[in-house]
There are 2 protein chains.
Amino acid sequence: MADATLRIDRPAKTLRTLALERMREAIMDFHFQPGERLVERPLCDQLGVSRSVVREVLRQLETEGLVQMIPGHGPAVAKPDLGRTDEIYELRALLEGIAAKACATSATDNQIALLDTALAKLLEAWASGVPAEVMRATARFYEVLFEAADKRIAWEIVTGLNVRINQLRSMTILSLNRRDAAIAEMHAIMDAIRSRKPEAAEAAARRHVETAWKIAREALRLGSL
Amino acid sequence: MADATLRIDRPAKTLRTLALERMREAIMDFHFQPGERLVERPLCDQLGVSRSVVREVLRQLETEGLVQMIPGHGPAVAKPDLGRTDEIYELRALLEGIAAKACATSATDNQIALLDTALAKLLEAWASGVPAEVMRATARFYEVLFEAADKRIAWEIVTGLNVRINQLRSMTILSLNRRDAAIAEMHAIMDAIRSRKPEAAEAAARRHVETAWKIAREALRLGSL
DNA sequence: CTCCATAGCATGGTATACCATAAGACGATA
DNA sequence: TATCGTCTTATGGTATACCATGCTATGGAG
């Protein structure tokens with residue numbers, strides 16, 4: 001009988017896919033500044049592909065919220081909508097909360113082990129102090145968390161939210177005074193999940209987002225953006 | 001000084017925009033069946049535009065979740081992910097809940113009046129019994145609700161979620177045994193908002209989603225999908 | 001010196017041509 | 001008759017050519 005593990009997933013080899021990933025990374029890593037124009041033809045040269053490809057990628061990034069079309073001019077790297085950061089953090093608190101709760105309720109021991117691994121990697125990244133590493137490890141941890149919570153859609157949403165506050169996050173995610181507190185908060189989440197305390201896990205997850213939110217607000221207030 | 005009302009928003013006249021709206025509507029209104037292939041060249045003929053336009057539109061619809069690419073074959077109308085309906089309704093309950101709560105807390109009287117109007121229109125639509133009308137009026141009511149709650153992003157998310165369960169909603173939204181209960185539930189939401197009771201408003205909104213959820217589950221169980 | 005007009009060009013919008021590939025049909029052979 | 005191989009073609013992927021428009025720079029006139 002057909003074994004699912006036999007299925008080979010064809011490598012996503014189209015130029016479009018590659019270009020999309022490349023551009024997404026480039027924007028998230030600030031190789032383009034927020035607000036910077038993304039003129040199509042120069043992009044073609046840089047990426048080494050045709051305008052068809054570039055335009056399709058641009059459309060996709062646009063609906064993802066990474067790029068915005070400026071009427072009259074063309075596409076540009078989206079600028080974070082500072083007026084909506086409160087809402088975004090509120091939603092993150094909500095979503096990460098229910099994920100942690102569900103995790104505490106129904107994660108398998110195996111999944112909890114995966115979470116431990118992800119957390120360990122995150123600590124390493126924090127120790128290394130490389131921002132990009134920390135971002136990646138954080139994302140990975142939450143990905144595992146949402147996976148274990150069986151909240152795939154919520155994860156997609158959170159990813160989309162994080163895109164919009166990428167700039168803020170990059171500033172706050174490893175602000176030094178945040179690091180120790182953040183580590184403690186993460187451990188609190190894990191402890192609650194491990195001991196199967198849904199309410200505690202939810203509270204801990206929310207608390208973590210809320211402190212991040214506070215730091216972000218501070219950063220905004222200082223006008224460093 | 002510049003009056004905002006003077007601003008003319010240039011008609012979004014590009015073919016792409018038009019085609020996008022057209023296709024979105026067509027899919028949402030089931031002029032294409034879920035799962036139906038969307039072959040590019042025939043689509044060009046039907047829409048009267050070139051493949052460039054069609055492909056860009058397809059990309060956009062793909063990231064919106066209305067279209068999915070089937071490897072080996074091409075694009076097709078997305079089929080609702082039945083395994084994730086529980087999560088979707090859970091998220092809707094959460095989001096519509098906080099919107100109702102925020103509304104009860106901080107909506108202006110003017111906004112509440114708008115809500116009343118929207119609700120009246122919704123009742124009319126229900127009376128008319130035209131499914132498309134009911135969907136539109138429902139969407140409108142919630143749009144006003146989220147606007148009054150100043151939760152624009154949450155609204156975008158809810159819209160995205162609804163896309164994924166469009167089929168289910170169209171089956172359940174005016175199921176006759178739901179109508180009276182639904183009307184009562186909506187009034188409960190409005191009453192709580194009017195009397196400025198955030199917790200009650202949140203609970204009422206959640207309850208409304210939860211009954212819809214129950215009906216959807218029933219519909220699924222009967223295998224009518 | 002300033003302001004306006006015109007022309008050129010930068011840039012996005014649209015159409016089309018060509019290519020690669022995978023799916024499906026058809027036939028040959030056992 | 002069934003299975004396998006090959007061939008055709010349907011279809012998506014990519015590149016490019018052309019067009020329309022709006023911005024900008026430059027020069028002339030007041």
Side-chain angles (χ1 to χ4, degrees), chain A residues 1-2 6-24 26-27 32-79, chain B residues 6-24 26-27 32-79:
Chain A
M1 62 199 70
L6 276 184
R7 166 166 258 90
I8 66 173
D9 43 27
R10 45 187 97 198
K13 62 171 166 23
T14 72
L15 286 184
R16 199 184 66 236
T17 312
L18 298 178
L20 178 64
E21 286 163 9
R22 209 59 89 71
M23 283 299 295
R24 220 190 330 241
I27 293 176
F32 298 98
Q33 292 307 310
E36 184 174 344
R37 291 281 314 275
L38 294 172
V39 183
E40 296 178 355
R41 264 163 273 237
L43 264 186
C44 295
D45 297 339
Q46 294 186 15
L47 292 169
V49 297
S50 73
R51 271 185 76 206
S52 320
V53 172
V54 166
R55 284 179 60 89
E56 290 183 27
V57 166
L58 250 19
R59 290 287 87 70
Q60 200 145 341
L61 292 173
E62 184 193 352
T63 64
E64 285 179 18
L66 277 158
V67 162
Q68 54 193 178
M69 299 301 292
I70 303 173
H73 303 64
V77 178
K79 282 187 288 198
Chain B
L6 276 184
R7 162 167 263 92
I8 67 170
D9 39 29
R10 45 185 98 198
K13 62 174 170 15
T14 73
L15 285 184
R16 199 183 68 234
T17 312
L18 298 178
L20 178 63
E21 286 163 9
R22 208 62 87 71
M23 284 298 297
R24 221 192 328 242
I27 293 176
F32 298 98
Q33 293 305 311
E36 184 175 343
R37 292 280 314 276
L38 293 174
V39 183
E40 295 177 358
R41 263 162 274 236
L43 262 187
C44 295
D45 297 341
Q46 294 187 31
L47 291 170
V49 297
S50 74
R51 272 186 75 209
S52 319
V53 172
V54 166
R55 284 180 60 89
E56 288 183 28
V57 166
L58 250 21
R59 289 288 87 71
Q60 200 146 343
L61 292 173
E62 183 192 354
T63 61
E64 285 179 15
L66 277 158
V67 161
Q68 55 193 175
M69 300 301 293
I70 304 174
H73 301 64
V77 178
K79 282 189 286 199

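Computed from a predicted model, the values in this text were never measured in an experiment. Per chain, numbering begins at 1; letters A, B, ... match sequence-line order.
- When each of A:Ser52 and A:Pro42 is assigned the nucleotide of DNA chain C bearing its nearest heavy atom, the one mapping closer to the 5' terminus is A:Pro42.
- As rounded to whole Å, 14 Å separates atom C1' of D:dT24 from atom CZ of A:Arg37.
- With rounding to whole Å, A:Leu15 atom CG is found 17 Å from D:dG12 atom P.
- With rounding to whole Å, A:Glu56 atom CD is found 8 Å from D:dT14 atom P.
- Heavy atoms of A:Arg51 sit under 4.0 angstrom from at least one base atom.
- Contact between the side-chain N/O atoms of B:Ser50 and the OP1/OP2 oxygens of C:dA15 is found at a separation under 4.0 Å.
- The distance from atom NZ of B:Lys13 to atom P of D:dT21 is 7 Å, rounded to the nearest whole Å.
- Summarising the geometry, the separation between NE2 on B:His73 and C1' on C:dA22 is reported as 9 Å, rounded to the nearest angstrom.
- Separating the CG atom of A:Leu38 from the P atom of C:dA10 is a distance of 19 Å, rounded to the nearest angstrom.
- Base contact: B:Arg55 has a heavy atom under 4.0 Å from a base atom.
- With a 4.5 Å cut-off on side-chain heavy atoms, A:Met23 and A:Leu66 do not count as touching.
- Atom CZ of B:Arg51 has more than 12 neighbouring heavy atoms from other residues, nucleotides or ligands inside a 6.0 Å radius.
- If B:Pro71 and B:Arg16 are placed on DNA chain C by their nearest nucleotide, the residue sitting closer to the 5' end is B:Arg16.
- B:Glu40 places its CD atom 15 Å from the P atom of C:dA15, with the value rounded to the nearest Å.
- We find that CZ of B:Arg41 is positioned 15 Å from P of C:dA15, with the value rounded to whole Å.
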| message | Using side-chain contact (heavy atoms from CB on, under 4.5 Å), reason through B:Leu61 and B:Arg24 one step at a time and then give a plain yes or no. | response | CA-CA 7 Å; B:Leu61 292 173; B:Arg24 221 192 328 242; 3.9 Å; yes
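- Salt-bridge annotation for A:Arg59 and A:Glu62: present, with a side-chain N of the basic residue lying under 4.0 Å from a carboxylate O of the acidic one.
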